[in-house]
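A short write-up of the structure that comes next.
Note that this is a predicted model, so its numbers are computed, not measured. Note that these values count all heavy atoms, side chains included, but never hydrogens, waters or copies made by symmetry.
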Amino acid sequence: MRLKSLAKKEVIDVESGAKLGVLGKADLIIEPESGQIKSLVILNHSLMGIGSMRKEMVINWEQITTIGEDIILLRKT
C-alpha cells in the first residue's frame, strides 16, 4: 500500500472511539537497516480562538490493529 492511499483515512482509537485525526500529511519513521515502518507522525491543525494550534501525534506501527478502506483503527495504550 502506498502512503498516498493512506492519506485520506481517518484514525480512530478502538478502545475509546475517539477520532484522532485524518492521516493526511503524515510522515513515516522508517528503520533504515530493514526498511520497515516504525511509526506514523500525524499533524493535526485546528483553530483555537484567534490563533492556530498545531498538534503532532506519533503512532507506533504496532498500535495499528486494522487498516480499512476509509479508516485506520489503533490502540493508543
Side-chain angles (χ1 to χ4, degrees):
M1 180 177 290
R2 296 183 184 270
L3 182 59
K4 184 177 179 179
S5 63
L6 291 174
K8 295 181 181 177
K9 296 183 188 294
E10 188 166 23
V11 181
I12 298 176
D13 180 356
V14 295
E15 292 181 357
S16 68
K19 295 179 182 180
L20 304 175
V22 176
L23 205 51
K25 296 180 181 179
D27 288 327
L28 296 176
I29 298 175
I30 298 173
E31 177 66 40
E33 292 81 28
S34 66
Q36 291 183 324
I37 299 171
K38 291 296 180 186
S39 56
L40 298 169
V41 180
I42 300 174
L43 300 174
N44 289 327
H45 297 276
S46 61
L47 295 176
M48 299 286 291
I50 297 173
S52 65
M53 187 172 107
R54 180 178 164 190
K55 185 178 178 185
E56 184 177 280
M57 181 186 321
V58 178
I59 299 171
N60 291 328
W61 191 255
E62 293 82 27
Q63 291 177 285
I64 297 173
T65 60
T66 304
I67 299 177
E69 189 173 322
D70 297 320
I71 62 171
I72 296 173
L73 300 176
L74 62 90
R75 294 187 190 279
K76 281 183 68 175
T77 57

Quick one: list whatever passes side chain to side chain contact (heavy atoms under 4.5 Å, CB included) with Thr66, sequence neighbours left out.
Leu73
Restricting to non-hydrogen atoms, name the atom on Gln63 and the atom on Val58 that form the minimum distance, rounded to 0.1 Å.
OE1-O, 4.4 Å
With sequence neighbours excluded, tell me which residues meet side chain to side chain contact (heavy atoms under 4.5 Å, CB included) with Gln36.
Ser34, Lys38
Gap between atom CD1 of Ile30 and atom CH2 of Trp61 - 0.5 Å precision:
10.0 Å
Same apolar cluster: Val11 and Leu28, side chain cutoff 4.5 Å
yes
Measuring from Ile37:CD1 to Ile59:CD1, what's the distance to the nearest 0.5 Å?
12.5 Å
Please give me the minimum heavy-atom distance between Leu20 and Met57, naming the atom from each residue.
O-CE, 3.5 Å
Looking at every non-hydrogen atom in both residues, tell me the closest pair between Arg75 and Asp13 and how far apart they are.
CA-OD1, 4.0 Å
Taking Lys9 for the side chain and Glu69 for the main chain, is one N or O donor matched with an acceptor at less than 3.5 Å?
yes
Rounded to the nearest 0.5 Å, what separation is found between the CD1 atom of Ile64 and the CG atom of Leu40?
4.5 Å
